[in-house]
Amino acid sequence: ETGRDYTAFHCQFHPNHLAEMIEIYSDIFTNSEFNGIELERSIILEEYLDSVNEEGEIVDLEQLSRLLVFGKSHRLANPILGTRESLENITRDQLLTHFNRYYGSRNMILTVAGQYDRLKFNHEVSEQFSRLPAGQAFQYPQVKIAGSENRFMFAHSSSSFSVVMISVPGYGTASREYLAQLILWKVLDGGMSSELYNEICSKRGLAYDIEIEFHSTLPVSLFEIVSSSSHENISKIVEAVREILTSLTLHGISVEDFEF
């Protein structure tokens, strides 16, 4: 699993195989050679095509949203896959340099949940990961929400439907306000019982579904309200979302919604 500010390696296994799994993970971080890069490059380039239209223009709303929120020069606006240019030109030596610099014990958190012996776990980790270099500490970039007056971006696509995303920056995981945002997320995006879904899908019939994607990093988070519908309904969906958020701002969250 890869995010803009982290990479997570996770799996499920029987408790009896704990030592073997720790050994496998240790091997990944201490002996990776990145052979077969050309095959992986071709696969990722195919995946990259999903984010552009026939003219090669970016149509991935998540990417476009971050360009507006953070600005083109900020690292959090960079696509996770990379650009076509970076994908075509990155070398094995560059991958190894980056891996050895940041994928060390200084930036690593190792966790396990389940039926295991803590002393045995600590022993296996100490033994298997003792050869892992510390690496260079990752420094989170300072975040300043782009102050551009341009808050709208449109991308042409030949699809038979349109997709809209409304992005709202929020507090990062390091903030004391972060947990309050999680409650707000659950209130707004409680599946078919949420006010967004009831108003836009059940009552007005403007879309089949609407959801809020909540992406968080240490310095900042993003609420992203996403829905797809016929071209003529998109402006109506945006107006309905505006009405719901305005009402929430003016009247707050009800006790019933909070308790639910």
Side-chain angles (χ1 to χ4, degrees), residues 1-44 47 62 75-76 78-82 87 90-143 170-186 189-191 211-222:
E1 178 184 342
T2 304
R4 280 177 167 77
D5 66 331
Y6 73 93
T7 306
F9 300 80
H10 49 80
C11 68
Q12 294 179 319
F13 55 89
H14 193 278
N16 291 343
H17 301 308
L18 176 63
E20 290 89 339
M21 291 308 305
I22 293 175
E23 182 178 0
I24 291 172
Y25 275 121
S26 171
D27 184 55
I28 290 173
F29 288 102
T30 56
N31 298 312
S32 289
E33 298 181 352
F34 292 97
N35 294 319
I37 182 176
E38 293 306 323
L39 174 60
E40 192 64 28
R41 189 199 309 274
S42 65
I43 294 173
I44 298 177
E47 185 178 357
E62 183 179 307
R75 282 185 283 172
L76 285 176
N78 292 335
I80 294 176
L81 279 179
L87 289 171
I90 193 168
T91 66
R92 175 176 175 271
D93 288 342
Q94 289 174 321
L95 285 175
L96 282 170
T97 298
H98 180 83
F99 186 82
N100 293 331
R101 178 181 298 161
Y102 292 114
Y103 286 73
S105 59
R106 194 189 304 271
N107 297 317
M108 183 180 297
I109 298 173
L110 197 157
T111 59
V112 61
Q115 299 179 16
Y116 68 96
D117 184 290
R118 178 174 294 185
L119 292 178
K120 182 179 180 181
F121 170 73
N122 292 341
H123 172 75
E124 293 291 344
V125 170
S126 298
E127 182 176 296
Q128 294 294 339
F129 281 84
S130 60
R131 296 174 287 119
L132 182 65
Q136 178 180 320
F138 176 76
Q139 299 295 325
Y140 274 88
Q142 293 294 318
V143 175
Y171 297 99
T173 55
S175 171
R176 295 176 61 183
E177 307 293 337
Y178 178 74
L179 292 180
Q181 289 181 151
L182 291 179
I183 296 175
L184 177 61
W185 175 37
K186 292 301 182 183
D189 192 36
E211 62 177 347
I212 297 181
E213 299 176 359
F214 184 50
H215 301 278
S216 56
T217 65
L218 188 69
V220 68
S221 62
L222 280 178

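Numbers here simply count residues along the sequence, with the first being 1.
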Separation of Met21 CE from Asn16 CG (nearest 0.5 Å) = 13.5 Å
Do other residues, nucleotides or ligands put more than 12 heavy atoms under 6.0 Å from Ile80 CD1?
-> yes
Could you pull out the closest heavy-atom pair between Thr30 and Ser26, with the gap in Å?
-> OG1-O, 2.6 Å
Report the distance from atom CZ of Phe9 to atom OH of Tyr25, rounding to the nearest 0.5 Å.
-> 8.5 Å
Which heavy atom of Thr91 sits nearest a heavy atom of Gln94, and at what distance?
-> N-OE1, 2.9 Å
Judged by atom type as modelled, is there a donor-acceptor pair below 3.5 Å linking the side chain of Ser221 to the main-chain atoms of Tyr171?
-> yes
When rounded to the nearest 0.5 angstrom, what is the spacing between CD in Gln115 and CG in Leu18?
-> 12.0 Å
So does Phe214 have more than 12 non-hydrogen atoms from other groups sitting under 6.0 Å from CZ?
-> yes
Could you grab the distance from atom CG of Leu96 to atom OG of Ser32, nearest 0.5 Å is fine?
-> 8.5 Å
Smallest heavy-atom separation, Leu119 atom then Asp117 atom, equals N-OD1, 3.0 Å
Taken to the nearest 0.5 Å, the spacing of Glu40 CD from Arg92 CZ works out to 14.5 Å
Counting N and O atoms only, with roles assigned by atom type, does the side chain of Ser126 sit under 3.5 Å from a partner on the main chain of His123, one being a donor and the other an acceptor?
-> no
Inter-residue atom distance Leu110.CG - Gln128.CD, 0.5 Å rounding = 11.5 Å
Tell me the salt bridge (Lys or Arg N to Asp or Glu O under 4.0 Å) pairs involving residues 121-138, sequence neighbours left out?
-> none
Validation row: Phe129, Ile22 side chains within 4.5 angstrom (heavy atoms) = yes
Residues forming a salt bridge (charged side-chain N to carboxylate O under 4.0 Å, His left out) with Glu38, sequence neighbours excluded = Arg41
Answer yes or no: is there a donor N or O on one side and an acceptor on the other, between the side chain of Asp189 and the main chain of Trp185, under 3.5 Å?
-> no
State whether a side-chain donor-acceptor pair under 3.5 Å links Tyr140 with Thr217.
-> no
Do Glu62 and His215 come close enough that some side-chain heavy atom pair is under 4.5 Å?
-> yes
Specify the closest pair of heavy atoms between Ile44 and Leu81, including all atoms of both residues, with the distance to one decimal.
-> CG2-CD2, 3.6 Å
Would you say the side chain of Phe121 lies within less than 4.5 Å of the side chain of Val125, judging by non-hydrogen atoms?
-> yes
So, do Tyr102 and Gln136 sit near enough that their side-chain heavy atoms are less than 4.5 Å apart?
-> yes
